[in-house]
Number of protein chains: 2
Amino acid sequence: MGELPLTLEGEGRQRILAAAEKLFSDKAFDAVSMNAIALQAGISKANIYHYFPNKDALYLAVLRAASRNLRKLLNDAVDAHGTVVDVLRHFARCHLQALLDRPELVRLVWRELLEKGAPRAREFAEQGFADVFSALVAVLESGQARGELRADFNPALVATLMLGANVFFFQSRDILRHYPAVAFADDPAGYDAGIVEILLRGMIPESSADTVRA
Amino acid sequence: MGELPLTLEGEGRQRILAAAEKLFSDKAFDAVSMNAIALQAGISKANIYHYFPNKDALYLAVLRAASRNLRKLLNDAVDAHGTVVDVLRHFARCHLQALLDRPELVRLVWRELLEKGAPRAREFAEQGFADVFSALVAVLESGQARGELRADFNPALVATLMLGANVFFFQSRDILRHYPAVAFADDPAGYDAGIVEILLRGMIPESSADTVRA
DNA sequence: GTCTATAGATTGATAGAC
DNA sequence: GTCTATCAATCTATAGAC
């Protein structure tokens, strides 16, 4: 099994990238020193500068790779079949699963999105957002076109609602676990099933649904 | 108008706190230097150490104050009257408004919640979360008890969904603004109105609502 | 490619005058 | 209470041997 030149040349590089990814996902840019990355990678600090010109470039490379990996993970959520309702269920489940499967990547990319004073690489982070958001909107629109979903709601708004529910679940899981009443903190599949059902059927009893409309 | 001793004694203190709050809300703990805080406050760096023993204590004081202010803001969302549906609409609108009114405080507290390697003051941040979450769950439960809302959904789940929708809106507003189709990015009231309507009525046309149940 | 050694800047925190 | 001056530690980045 001859390794590709890219692998040989990039082995040291990838050791560094892996170490940096792990550290940058837990702490912010300034809280991670090049020394700590070198220790984590098991090499010397100066060796990092052989592969990357400076700390910013290393961080950028980590974020670029994380963003790429995350997009690949999330794109699996799109290729579904069946009714639009089935696709929605599948999408919600896969999206949340992707977040939970690679929490380090998500935290890394999401932090870059939230940091206001550091537009170091917002571009990359926004790409993944755009992919998922657009795909979900398209699914909802097709559902409206086919008559499977009501036509009088804004698809982008519901897309925001669904993605927000998953991201918020991901972000708040550790806090939600404190509440005894919150059993779904450790049951992401059940959480998404409940979310989608509410979004489809609503909370109003069917008999009185008409009385709510203004 | 005789100023209170507390005000006289605490004036310099509060200048520092205000400066630190502004800087800590934009950048992470390690990215904000005591020098930068002193410049922002218009005093000398050494003077900060007259009021606070070290950087950690200053950060803690900022987060404690921010958490307290945020809880006060958010508690206004709870005292509502009318039907449960009205209370829900009011709650959603006030909650999002509170987030948007003090974006610095929200970012500051929320960052503390997300940082995994820095449990510097998670306690304070979680308090605000608990207040709002519990209040919303109670509203939903009362709605179920009165028969205004269907009884077969998990109130905590819907509370997560609603809070997540608002927090996600707050976090992603700048990105959502890039999309021409997303008109609600600059219309938080309209966003919440749409959110609540979907949650109440669902996305399924009434005529075919029964066919969806598994 | 990998290392040790170190330069040069900045950091959190202190000492002491006023 | 506020300041200037400064400390020791740590940081990014570089130099140069191997």
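To find a chain, count down the sequence lines: A is the first, B the second, and so on, and within it residues start at 1. A quick note: this is a predicted structure, and the numbers were derived from the prediction, not measured.
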Does OP1 or OP2 of dG1(D) have a side-chain N or O of N47(B) closer than 4.0 Å?
-> no
Qualifying residue for side chain to side chain donor-acceptor pair (under 3.5 Å) with N166(A), from H95(A), Q171(A), Q97(A) | H95(A)
Nearest heavy-atom approach of A92(A) to M162(A) is CB-CE, 3.8 Å
Rounded to the nearest 0.5 angstrom, the CG-CZ distance for D56(A) and F29(A) is 4.0 Å
Atom-pair distance (OH on Y59(B); P on dG12(C)), nearest Å | 14 Å
Gap separating the CZ atom of F124(B) from the CG atom of L63(B), nearest 0.5 angstrom | 7.0 Å
Between dG12(C) atom P and F52(B) atom CZ, what is the distance in whole Å?
-> 15 Å
Looking only at dA13(C), dC3(C), dT2(C), the nucleotide nearest the Y49(B) side chain is dA13(C)
Report the distance from atom CZ of R15(A) to atom C1' of dC3(C), rounded to the nearest whole Å.
-> 15 Å
Flag the pair R13(B) / F52(B) as yes when at least one side-chain heavy-atom distance between them is below 4.5 Å, and no otherwise.
-> yes
In whole angstrom, what separates Q14(B)'s CD from dG1(D)'s C1'?
-> 16 Å
Rounded off to whole Å, could you give me the CD1-to-P distance for the I37(B) and dG12(C) pair?
-> 8 Å
L60(B) CG to dG12(C) C1', in whole Å, measures 17 Å
Give the rounded distance in Å between these two atoms: NE2 of H50(A) and P of dG16(D).
-> 18 Å
Value in whole Å for how far the P atom of dA13(C) lies from OH of Y51(B) | 18 Å
Test item: side-chain donor near acceptor, T83(B) and D86(B), under 3.5 Å = yes
Give each protein N/O atom lying under 3.5 Å from an N/O atom of nucleotides 5-11 of chain C, with the pair distance.
none

